[in-house]
Amino acid sequence: MDHAGRLRRLQEQLRGFDAILVSHLPNIRYLCGFTGSSGVLLVFPKKAVFFTDGRYTEQAREEVKAARIVVSRKPAILAAAEFLAKQKLGRNARVGVEAEYLSLANRGRITFALGKTFRLKEAPPLVEMARMVKDEEEIERITAAVLMGASLFDTTLKTVRPGIKENEVAAEMEYVARRAGAEQMSFETIIASGKRSALPHGRASEATVPRQGFVVCDFGVILAGYCSDMTRTVYVGRPSGEARDFYEAVRAAQLAAIAAVRPGVAVGEVDQAARKFLKRIGLGRFFSHSTGHGVGLEIHERPRVAAGQTEILQAGMVITIEPGAYIPGKWGVRIEDMVLVTETGCEVLTPTSKELVAV
Ligand code: ZN
Ligand code: ZN
């Protein structure tokens, strides 16, 4: 990974800040390679310093390449603030912080350590913006994660049957994922059966899969740091014509959104493509969430593929396309693929068929 290049590009964008204190771990990983769970990165226009504690001495030396490493007995954030206080940055130095990820308590600690000559300011989301466009190595890793994640669907199909608990299905999938080399699941596996399929976030529960009905299966793995995310909805028993039509409507909405993905298009238009289709056939009000999100080091990243969002798609972005429709007390269907924006359009990374499967 080109950590030095990423840091340099961030440094070129620091305009107006004497330093930025990066405390969000995925941003730290992106910029300097550190994969541990405790650390802070201080980025100055001409240098970068990484702070961690004694538990990570070895790991930091191995992983962090583009920044100087300071191992401290104090919490990393305090060590970083004290280091900053000793820099000769002049009066009213401006230090950027990641307001989304800095607790009020840590803000207080930093302010106390820095004294009055520093001004803490919310930094723009420069790292998050940079992370939206993936480089070749990231796309390779994401593709590998997507393929491994998709392979778990075979286990889903073998396991889902009337009478089994949703948790058992999830457990089988997670066991297979670990055996296959996944670091962990990228979020809590969703297995939502029967009436629970109408819950867009129906985490696997102790509920038993009924003899008849949809089962929404939404799952993903983390491989080499990168997440996968996919949803397939299967039918237990023999689907009625109404169930088939409902499923096909969601599938057509998903395809309409995918057809809208290309560089230069605003993400809001991609959302609109799915939403417009479901509205036209009277299911608009049952599509209660956004169409998708960016995926990478985190399961939910920029851009949000949602109504009214103006972010413009660029080649190298990886997003999900996951419209759904949910009728409370009855059933729900969601279909989700991961999609890479290419120079000319897009490539659907998820290899799994979207034909309705009855088990
Ligand atoms: Zn998902
Ligand atoms: Zn998703």
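Atoms within each ligand, like the ligands themselves, are counted from 1 in listed order.
At a cut-off of 2.8 Å, Asp229 is counted among the residues with an N, O or S atom near the Zn ion (ligand 1). Among the atoms of His293, an N, O or S atom is found under 2.8 Å from the Zn ion (ligand 2).
With hydrogens and angles ignored, the 3.5 Å screen pairs no side-chain donor or acceptor of Arg251 with any backbone N or O of Ile335.
You'll find the side chain of Ile191 reaches within 4.5 Å of the side chain of Met173, heavy atoms only.
For the pair OD2 of Asp218 and OE1 of Glu336, the angle whose vertex sits at the Zn ion (ligand 1) is 100° to 10 degrees.
Looking at Glu322, its N, O or S atom nearest to the Zn ion (ligand 2) turns out to be OE2.
Comment: Lys74 engages Glu82 in a salt bridge, judged by a side-chain N to carboxylate O separation of less than 4.0 angstrom.
A 6.0 Å sphere centred on OH of Tyr175 holds no more than 12 heavy atoms belonging to other residues, nucleotides or ligands.
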